[in-house]
Amino acid sequence: MQNLHSLLDGFAHVATPMNLLIALLGVTIGTAVGVLPGIGPAMTVALLLPVTYGMEPTQAFIMFAGIFYGGMYGGSTTSILLNTPGESSSVVTAIEGNKMAKAGRAAQALATAAIGSFVAGTIATLLLVVITPPVVRFAVSLGAPDYFALMLLSFVAVTSVLGASRVRGFASLLIGLVIGVVGIDRVTGQQRLTFGVPQLADGIDVVVVAVGIFAVGEALWIAAHLRRRPAEVIPVGRPWMGRDDWRRSWKPWLRGTAYGFPFGALPAGGAEIPTFLSYATEKKLSKHRDEFGRGAIEGVAGPEAANNASAAGTLVPMLAIGLPTNATAAVMLAAFEQYGIQPGPLLFERESGLVWTLIASLFVGNLLLLVLNLPLAPAWARLLRIPRPYLYAGILFFASMGAYAVNAQPFDLFLLLVLGLLGFGLRRFGLPILPLIVGVILAPRAELQGRRALQLSGGEWHGLLGGWVSGLIYTTVLVVLFWPLVRRFVLRRRARMVTG
């Protein structure tokens with residue numbers, strides 16, 4: 001009951017004219033930037049972090065909520081009209097969505113994506129309200145060894161589950177950990193990896209890292225592979241759905257939500273797995289299987305709902321424990337840190353008004369997105385005609401302005417270029433970006449919790465074990481690490497028995 005009162009107070013804060021205007025501005029900017037090809041929600045939030053400088057924390061996070069959901073929606077427009085997913089979670093939407101668009105049903109594909117996003121986002125945010133407080137109560141009971149184990153699980157999960165190669169995942173994580181520990185050691189006071197540069201003594205700001213790796217790295221990558229011919233955008237009218245489209249979409253929306261939310265809340269669960277599961281489920285259950293591969297509306301409705309429900313699910317561990325489970329949540333965590341706010345179990349106690357206003361703004365932003373995007377779909381489609389050189393020149397300009405605004409030091413611009421080149425190198429050699437970002441954000445925290453655990457045990461290694469929670473987590477880590485080897489051994493043994 002107390003949570004309901006807190007949520008109503010959050011709605012009261014959001015409902016002021018200025019905050020509603022900020023929410024509208026957030027969903028508009030988020031959708032506009034998210035629609036542009038190759039950008040996606042994580043880069044959208046990273047690029048627009050500097051926009052909130054100078055704003056009050058409450059207003060800033062109302063805007064971030066709009067940018068967060070707006071960026072998620074924008075990716076579906078690109079996938080459907082250009083067959084160019086903004087990120088991996090939109091790949092499944094492109095499979096059937098672009099086929100529908102080529103068959104003259106772009107309006108219906110965009111409509112089911114928009115309404116499915118609204119339905120999934122609303123249900124998932126309600127689940128966020130219900131689930132997060134119990135998770136917070138559980139998190140309060142955890143000690144330093146348990147938190148260290150949780151962060152270790154996050155490190156292993158994001159490197160083992162994502163990408164095609166574990167080696168590349170761990171290489172990316174190692175780079176992030178190195179960047180994360182640059183600066184002065186809080187215990188000994190010694191400088192680490194500063195190379196005598198005084199500007200590095202305070203560490204590298206997470207905002208500069210996020211903008212450099214995402215925005216500048218992507219701009220350099222696109223410039224290296226730039227195609228001069230303009231993108232072929234399929235024309236679209238105002239999205240609408242007939243009675244048959246509604247009948248075929250509402251069940252996939254609900255099933256997609258059921259898949260997306262739990263996976264979003266898991267370490268490295270992400271949105272990729274639930275979108276593929278949703279697509280496979282709809283293909284199996286549909287009475288129109290022959291349409292799959294040629295433009296089935298269920299193949300857009302289900303995965304898009306799973307994608308957006310997963311986005312809300314990522315906020316559970318981020319708010320309750322301070323652990324990001326995908327790139328967008330990692331950048332949102334950086335947004336908290338730029339205001340000196342520490343996500344975790346005490347966040348609901350210390351910043352209760354801010355948290356419940358943020359959650360309430362998710363409901364408001366979700367509704368504004370539906371109202372905004374249904375009539376403005378043709379306008380978003382026109383954004384896709386912006387020439388790539390102009391688009392990425394603008395991105396570099398805003399990225400540079402944002403990096404300079406962090407500390408007002410020219411050195412940060414040099415650092416931004418170095419990080420941009422690093423982001424380019426990651427893309428060139430196929431290293432995933434998420435492990436690096438998670439490493440940068442969690443490295444100082446993992447070090448702090450690990451040291452606390454060792455101090456409590458007098459420096460003995462058994463101090464890292466803690467109670468049953470950390471033991472269960474370490475067991476999970478071992479399973480994640482060694483399961484592929486065990487599976488390969490079992491398969492080889494079976495093959496020998498069959499051939500023998």
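Everything numeric here is computed off the predicted structure, so don't read it as measured data.
By the ring pair (Phe, Tyr, Trp, His ring centres under 6.0 Å) test, Tyr279 pairs with Phe292, sequence neighbours left out. Under the ring pair (Phe, Tyr, Trp, His ring centres under 6.0 Å) criterion, Phe118 pairs with no residue, sequence neighbours left out.
In this structure, the side chain of Thr314 engages the main chain of Ala311 through a donor-acceptor pair within 3.5 Å. Remark: the backbone N or O of Pro432 is paired with a side-chain donor or acceptor of Ser172 at under 3.5 angstrom. In terms of modelled atom types and a separation under 3.5 Å, the side chain of Ser278 and the main chain of Pro274 share no donor-acceptor contact. A donor-acceptor pair under 3.5 Å is absent between the side-chain atoms of Ser310 and the main chain of Ala306, judged by distance alone. In this structure, Asn19 contributes its side chain and His13 its backbone to a donor-acceptor pair below 3.5 Å.
Nearest heavy atom pair, residue Gly439 against residue Leu173, reads CA-CD1, 3.9 Å. When every heavy atom of Ala360 is checked against every heavy atom of Phe11, the shortest pair comes out as CB-N, 3.5 Å. Heavy-atom minimum distance, Leu128 versus Val316: CD1-CG2, 3.4 Å.
Remark: of the listed residues Gln191, Arg192, Gln190, Gln191 is the sole one forming a side chain to side chain donor-acceptor pair (under 3.5 Å) with Thr194. The side chain to side chain contact (heavy atoms under 4.5 Å, CB included) test with Ile213 is passed by exactly one of Leu436, Ile175, Leu416, Val440: Leu436.
Applying the side chain to side chain donor-acceptor pair (under 3.5 Å) test to pairs two or more places apart or on separate chains, those with a residue in residues 420-439 are Glu218-Arg427.
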- Message: With side chain to side chain contact (heavy atoms under 4.5 Å, CB included) as the criterion, how do Val355 and Phe61 come out once you've worked through the C-alpha distance, each side chain's angles and the decisive distance to 0.1 Å?
- Response: CA-CA 9 Å; Val355 173; Phe61 284 103; over 6 Å; no
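Between Ile115 and Val119, the closest side-chain pair of non-hydrogen atoms falls below 4.5 Å. Using a 4.5 Å cut-off on side-chain heavy atoms (C-beta onward), Leu285 and Glu298 make no contact. In this structure, Leu315 and Met318 have side chains that are in contact, with non-hydrogen atoms separated by less than 4.5 Å.
The CG atom of Leu358 sits 9.5 Å away from atom CZ of Phe68, with the distance rounded to the nearest 0.5 Å.
Using a 3.5 Å distance cut-off with no hydrogens or angles, the side chains of Thr58 and Thr357 do not pair a donor with an acceptor.
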